[in-house]
Amino acid sequence: MLDLRLVRERTEEVRAGIRRRGGEIDLGEFLALDEKRRKAQQEADDLRRKRNDVSEEIGRLKKAGRQADVQVAEMRAVGDSIAALESVIREAEDAQRNILLTIPNLPHASVPDGRDETANVEVKRWSPIGTEPPKLSFEPKPHWDLAEYLDIIDFDRAAKITGARFALYKGMGARLERALINFMLDLHTTEHGYLEVLPPFMVNRASMTATGQLPKFEEELFKVENGTYFLIPTAEVPVTNIPRDEILPDEDLTLKYTAYTPCFRREAGSYGKDTRGLIRQHQFNKVELVKFARPQESYQELEALLADAEEVLKRLGLPYRVITLCTGDMGFSAAKTYDIEVWLPAQDRYREISSCSNFEEFQARRGNIRYKPKGSKKTEFVHTLNGSGLAVGRTVVAILENYQQPDGTVAIPEVLRQYMGGAERIEPRKK
RNA sequence: GGAGAGAUGGCCGAGCGGUUUAAGGCGGCGGUCUUGAAAACCGUUGAGCGAAAGCUCCGGGGGUUCGAAUCCCUCUCUCUCCGCCA
């Protein structure tokens, strides 16, 4: 959510920022509401002051055993006027907030302009042998063929049990998924300084609103029937909401959390896209990184967050590249986003495996997450950041495809072996 | 599911219709004292809106009243006991 005063006082800058993202916005109604609200507020304040003064006088008169009927009658009328003004204020406030909640964040100055993903800017490439992915000496198989041959993921059974876009992991498949979760959490907690949390997988409307999923993107969420809860689309939601409506001590910043959770997404509007395999599921696992930072430090924290996510891929020996999303490709709440894309040999392209963003104070304002800078009288909004570290299902895809052997077996990356009982490769299960 | 008790400033806790502009304590900050620290003492210390005057905020919402932290209704959450349960 943008600062109301920013919208009022620097309207042109806001309009220009939205335009950079490819949007047009008419702030006329908002500004009119603002004027109306402030005028009513002023009048109500004046009347309240009068009521406060006179009510005190009534108290004194009554205590002294004297009549106060005239004052009481007068204040009854004043009370009615205040009530009328309050409803004007309330309505204007609600209307203003509803408008503010649908305005996206303004892009950071360093974000490249562009209308869609074709304008994203590549930042770097990495691979175990330099920058470019190694060439396989044979025709790489897609991960769904490998998974079927190895009998480690069963999409047909999952479709029977639930429906399309779900997966049933079996044997070494399930073990690999679990190994990755543990490996990532261990790395982030013991080497990168994050505190592990295991949050609820369902959240309420207020939490979804704070991070920006609501009110605009309800159709992308699973809602629990007979309740007001939503399944989380990412751990970002419950974890960012941990300090909602709180004032953090300055010395606690930068606060760093990591969390494993499953993620649930409707994937509305993606019919026919990535229908095969693990790439696009209604339920997938993810290890998330979340930070609460001082505003002046948030961009260096974004670089550090990105490096923490990259480290997972480096240790796994998976080729990747980093891109900066252009203004038109960024999410609603983000001020700046880096995507990490992992190399998938069978698709002969890079695919998103992590998204690392700085939301600046956009989410903090919605969630009222503040801190008091040392030596300052004022509280300020923190900056929130988060990134995948990493999407686990897609990491499985990348391992299957990058570590596949000519015979269809898959080598297990060195760092994962201790998590998989010392196994060095995944082979078809012996009956 | 049944019965009961609660929700007050960063924390604890008093207040139960009109000097509450929320007592007191803890914690924080500043000072005195000290070689330094501790202790002691003194002062200071909630949030929001507004250019200011001022106004609002005692879990959320609604009501009664000239006036509500205080009375009534309702919702949410917490705690205790009983029952059930992974």
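We name chains A, B, ... by the order of the sequence lines, and we start the count at 1 in each one.
The side chain of A:R76 approaches B:C66 more closely than any other nucleotide in the set B:A53, B:G62, B:C66. With distances taken from any side-chain atom of A:D45 to the nucleotides B:G67, B:C55, B:G61, the minimum falls on B:C55.
For A:E93 and A:R90, the salt-bridge test fails: no basic side-chain N is under 4.0 Å from an acidic carboxylate O. Taking a cutoff of 4.0 Å between a charged side-chain nitrogen and a carboxylate oxygen, A:D53 and A:K50 do not qualify as a salt bridge. The residues A:D34 and A:R37 are annotated as salt-bridged, a charged nitrogen and a carboxylate oxygen being separated by less than 4.0 angstrom.
Contact annotation: A:N52 reaches the phosphate of B:C55 (side-chain N/O to OP1 or OP2, under 4.0 Å). Remark: A:R49 is not in phosphate contact with B:U56, judged by side-chain N or O atoms under 4.0 Å from OP1 or OP2. An OP1 or OP2 oxygen of B:G48 is reached within less than 4.0 angstrom by no side-chain nitrogen or oxygen of A:N368.
For the salt bridge (charged side-chain N to carboxylate O under 4.0 Å, His left out) test, residues two or more places apart in sequence or in another chain that qualify with A:E191 are A:R315.
Of all the heavy atoms in A:E86 and A:R48, the pair that sits closest is OE2-NH1, 2.7 Å.
For the side chain to side chain contact (heavy atoms under 4.5 Å, CB included) with A:L221, the qualifying choice from A:L231, A:L214, A:V237 is A:L214, the only one to do so.
Going from atom NZ of A:K62 over to atom C1' of B:G18 covers 10 Å, rounded to whole Å. If you measure from atom CZ of A:R51 to atom P of B:U65, you get 13 Å, rounded to the nearest angstrom. Straight-line distance from the CD1 atom of A:I89 to the P atom of B:C49: 15 Å, rounded to whole Å. When rounded to the nearest whole Å, the span between CZ of A:R205 and C1' of B:U76 equals 16 Å. Separating the CG atom of A:D245 from the P atom of B:G9 is a distance of 13 Å, rounded to the nearest angstrom. Between A:R66 atom CZ and B:C66 atom P there is a gap of 20 Å when expressed in whole angstrom units. Atom NZ in A:K50 sits about 14 Å away from atom P in B:G67, given to the nearest Å. Atom CZ in A:R37 sits about 12 Å away from atom C1' in B:G48, given to the nearest Å.
Taking atom P on both nucleotides, B:U32 is separated from B:A38 by 14 Å, rounded to a whole Å. B:A23 and B:A14: their C1' atoms are spaced 6 Å apart (whole Å). Using atom C1' as the reference point in both B:G28 and B:U19, the two lie 29 Å apart (nearest Å). Comparing the same atom, P, in B:U65 and in B:G54 gives a spacing of 30 Å after rounding to whole Å. For the C1' atoms, the distance linking B:C58 with B:U20 amounts to 11 Å, nearest Å. B:C42 and B:C26 have their P atoms separated by 11 Å, with the value rounded to a whole Å. For the P atoms, the distance linking B:G62 with B:G67 amounts to 16 Å, nearest Å. The P atoms of B:A37 and B:U56 are separated by 45 Å, rounded to the nearest whole Å.
Taking the six-membered ring where tryptophan is involved, the planes of A:Y194 and A:H192 are perpendicular, since the angle between them exceeds 60° and thus also 30°.
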Strand RNA chain B in bracket notation, Watson-Crick/G-U under 3.5 Å with | for pairs to another chain: ((((((((.[[[..)..(.....]]]((((((.......))))))((((....)))).[[[[[..)....]]]]])))))))....
Shorter than 3.5 Å, N or O on both sides, protein versus nucleotides 45-47 of chain B: list them out with atom names.
from: B:A47; atom 1: OP1; to: A:K372; atom 2: NZ; distance (Å): 2.5
from: B:A47; atom 1: OP1; to: A:K377; atom 2: O; distance (Å): 3.4
from: B:A47; atom 1: O3'; to: A:R370; atom 2: NH1; distance (Å): 3.0
from: B:A47; atom 1: O2'; to: A:R370; atom 2: NH1; distance (Å): 3.4

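The closest donor-acceptor contact from the side chain of A:R429 to the backbone of A:D151 lies under 3.5 Å.
Centroid-to-centroid, the aromatic rings of A:F362 and A:F332 come within less than 6.0 Å.
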Could you walk me through whether A:R351 and A:D274 satisfy the salt bridge (charged side-chain N to carboxylate O under 4.0 Å, His left out) test, starting with their C-alpha distance in whole Å, then the side-chain angles of each, then the deciding distance to 0.1 Å, before giving a yes or no? CA-CA 11 Å; A:R351 291 299 303 255; A:D274 303 311; 3.1 Å; yes
Take A:R15 and A:E12, measure what salt bridge (charged side-chain N to carboxylate O under 4.0 Å, His left out) needs, and give me the verdict at the end. CA-CA 5 Å; A:R15 222 191 302 271; A:E12 272 320 304; 3.0 Å; yes
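As judged by a 4.0 angstrom heavy-atom cut-off over every strand, A:R365 is placed among residues making no nucleic acid contact. Heavy atoms of A:E246 sit nowhere under 4.0 angstrom from any nucleic acid atom.
Along RNA chain B, the nucleotide nearest to A:S55 and the one nearest to A:R38 differ in position, and the one closer to the 5' end is contacted by A:S55.
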